[in-house]
Amino acid sequence: MYIQLISIHGLVRGDQIEMGRNSDTGGQVRYVVDLARTLAKFENVTQVDLFTRQIRDKRLSPDYAEPIEELAPNCRIVRLPCGGGRYYRKERLWPYLDDYADAMIAFTRREGRVPAFVHGHYADAGYVGMEVASAFAVPFVFTGHSLGRDKKAYLVEQGWTAEGMEKEYAIEHRIAVEERCLACADLVVTSTRHERETQYARYDNGSLPRFEIIPPGTSLERFFPYYDYELGSDRIDPHFKQARMRMQAELDRFHLSSDKPLILALCRPDKRKNIGAIVQAYGEDRELQHIANLAIFAGIRKTITDMPDSERSVLTDILLMMDQYDLYGRMAVPKRLDSELEVPELYRLAASRRGVFVNTAFVEPFGLTYIESSAVGLPFVGTENGGPQDIVANCDSGILVDVNDIQQIAAAMKKILTDRDTWEKFSNNGINRVREHYTWEQHCETYLDATDSVVKAAPKSVFTLQDKADAPGRRLADVGAILITDIDNTLLGDEEALGRLLEFMRSHRSEIAFGVASGRYLDKVVEVMNDHHVGPLDVVISSVGTEIYYGPDLAFDKGWASHLRSKWKRDKVAEALDDLEFITLQKDDETQQEFKISYDLDDTLMPHDEAMPIIYDRLSKTGVPHTLIFSHDVYIDILPQRASKGKAVRYLSGKWNVPIERIVTAGDSGNDIDMLKGKTAGIVVSNYSSELEPLKSSPSSRIYFAKEACAAGILDGLRHYGFAPSQQEQPA
Ligand code: GLC
Ligand code: MG
């Protein structure tokens with residue numbers, strides 16, 4: 001198996017992961033790197049590639065600019081451009097994902113190896129994963145890591161407005177993409193039952209895909225037992241030892257006596273982590289203060305003043321409580337924790353001093369920190385809400401409490417700190433049982449079983465990277481560049497300019513092949529092409545990208561049809577929209593096809609900006625993966641998820657080995673959007689309709705807004721991309 005993992009945002013590299021360097025570099029990065037490395041060790045896995053974003057930013061390490069990083073034998077990080085070189089936070093990456101998907105497909109083709117499946121991590125990579133999986137007709141695996149509906153609920157609670165959430169987090173877009181991921185996924189991998197039941201369950205399509213609950217592994221090379229130091233520290237990597245010294249020195253700045261046991265808390269400065277409860281439990285209990293010191297690591301910072309509002313208020317509260325309970329000399333609030341070596345060393349430091357780890361978050365969906373502290377032998381006090389239930393059941397290495405009950409928290413800490421037998425039992429259990437239940441090897445075994453059965457169940461791929469020499473359509477491969485244009489209002493509309501364009505195409509037949517992509521049915525395409533003497537055509541994409549025909553004999557591409565059949569349930573889609581009064585099925589029989597259902601919208605009954613969300617919502621609830629397209633303020637087309645003009649164009653690129661940059665696309669309306677976006681050489685004619693307006697501000701895609709209308713605009717675009725000589729060079 002060749003496996004493709006995608007995790008786009010954050011700072012991804014194999015060593016010295018900069019955990020917490022920014023809000024997008026945390027658990028997920030660690031997770032995908034460990035997953036990739038461990039998968040590659042398995043015998044039936046031939047290669048694992050982890051795709052991420054290439055970042056060329058002076059403020060960051062040049063590691064993130066390297067196109068390829070070898071992680072392990074047969075295992076690489078592949079970095080492809082996504083937007084410019086600068087670092088962007090994840091919410092800013094959406095406009096660049098079409099480019100990214102095209103780049104990833106092109107990369108895969110160049111390497112000449114089709115993946116067994118594609119696994120997207122988080123909504124952004126999910127979006128890319130769907131495109132890539134569909135391009136190669138292989139299964140799509142999805143892991144949300146965290147989900148938008150949950151985040152939205154939380155933000156609403158915090159008083160955010162819809163506008164604010166959109167601007168800051170593109171939250172509705174994220175949720176819509178997650179719905180699509182769930183509708184398309186052949187498998188969803190999630191860490192806990194709790195995640196599935198409380199987070200995925202909030203989605204219309206949340207119960208649709210097959211789920212596999214697999215806890216992530218712990219990296220045991222980092223989280224080795226605390227007593228390894230006691231057994232002889234010469235075996236321990238000096239980097240760890242240095243980290244330990246740094247941590248000890250850091251704590252010494254705060255604590256008056258450094259030999260007391262340590263109560264350790266470690267989390268992001270997030271209200272939901274409920275850090276105040278720990279300070280309160282400690283502050284109100286003199287005995288506890290006598291027994292142990294407290295250390296709270298919450299957020300790397302230069303100064304609290306410069307932190308974002310929400311984090312600043314969490315930390316300010318902690319400092320005020322420290323003052324209120326007068327915990328000077330007993331409580332540490334260090335500012336830094338800057339490498340992945342220091343976290344395990346902190347746990348080990350605390351364990352060596354017979355301490356306890358505390359995390360009283362209101363909910364912990366998974367609870368990685370409890371597992372990590374258990375792995376080094378540090379017992380914990382944790383929240384009873386969420387994943388920790390599973391951890392205690394598996395490992396019996398800590399005590400769960402009601403985090404709203406301060407006395408209970410204090411009592412649990414005291415029990416562990418004072419009862420030697422309990423401490424020893426939890427500590428040993430943690431070290432031993434984490435190694436039974438939470439290793440990446442264990443994770444990957446289950447993972448490979450699940451993905452293997454998904455791969456076997458998938459219909460055999462209809463894709464070959466090369467096609468026979470005499471196949472119809474072969475000319476596309478030989479010519480190596482194609483113009484694909486929409487018909488109505490793009491190719492047609494100006495007879496004089498059309499004449500000039502046809503003249504150009506005929507005289508450049510050996511350099512650029514000629515095709516059309518239309519919303520019309522084949523017969524109608526042929527009819528209108530004959531009327532206007534358009535030809536010869538090398539390829540016809542008809543019915544909004546659901547059918548492909550080649551050459552003068554209009555040879556039908558059966559491969560494309562069988563590709564579209566996957567998961568398509570036409571009746572279910574039609575039924576879902578049946579009773580909507582503001583749309584009517586298009587009358588002409590030929591507008592309704594196996595892979596195309598088309599309606600007209602009556603704008604007088606319902607304006608389109610209200611109608612479309614209703615339709616969107618109805619379709620989302622069917623659970624049928626689909627593409628919804630709105631054009632010219634009237635036409636509504638619903639197609640299989642794998643179909644559209646843009647997808648058909650990319651299929652041609654793959655099948656005939658024509659680089660996507662060498663395909664010129666031209667259009668004027670909604671159903672042309674996805675063939676204009678991404679890495680195609682897109683041309684929008686000047687008489688375009690309103691749906692294309694947003695493309696103008698799209699910061700990424702190669703899209704040229706022609707200065708002229710219809711066929712004259714196409715010629716203008718061909719010149720712009722260098723496929724036709726510029727006007728000055730043209731012979732008079
Ligand atoms: C063409 C088709 C129609 C479709 C429209 C937009 O007019 O005949 O069925 O809805 O294009 O794609
Ligand atoms: Mg058109």
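As the structure lists them, so they are numbered: ligands from 1, and atoms in each ligand from 1. Values reported hereafter were calculated over all heavy atoms of this structure, with side chains retained and with hydrogens, waters and symmetry mates removed.
The number of heavy atoms from other shown groups lying within 6.0 Å of NZ (Lys90) is above 12.
Under a cutoff of 6.0 Å and an axis angle of 45°, Arg53 and Tyr100 do not form a cation-pi pair.
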Are Ser598 and Asp637 close enough, and set up right, to give a side-chain hydrogen bond (donor to acceptor under 3.5 Å, both in side chains), and what steps lead you there? CA-CA 4 Å; Ser598 294; Asp637 302 313; 2.7 Å; yes
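Side-chain contact check for Arg520 versus Glu527: every heavy-atom pair is 4.5 Å or farther apart.
A donor atom on one side chain and an acceptor atom on the other are found under 3.5 Å apart for Ser689 and Glu691.
Checked against a 6.0 Å centroid threshold, the rings of Trp560 and Phe595 do not count as neighbours.
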Pairwise, report which nitrogen or oxygen atoms of ligand 1 are under 3.5 angstrom from protein nitrogen or oxygen atoms, and how far apart they are.
from	atom 1	to	atom 2	distance (Å)
ligand 1	9 (O)	Gln586	OE1	2.6
ligand 1	9 (O)	Lys596	NZ	2.7
ligand 1	10 (O)	Gln586	NE2	2.9
ligand 1	10 (O)	Asp637	OD1	2.6
ligand 1	12 (O)	Asp637	OD2	2.5
ligand 1	12 (O)	Asn671	ND2	2.6

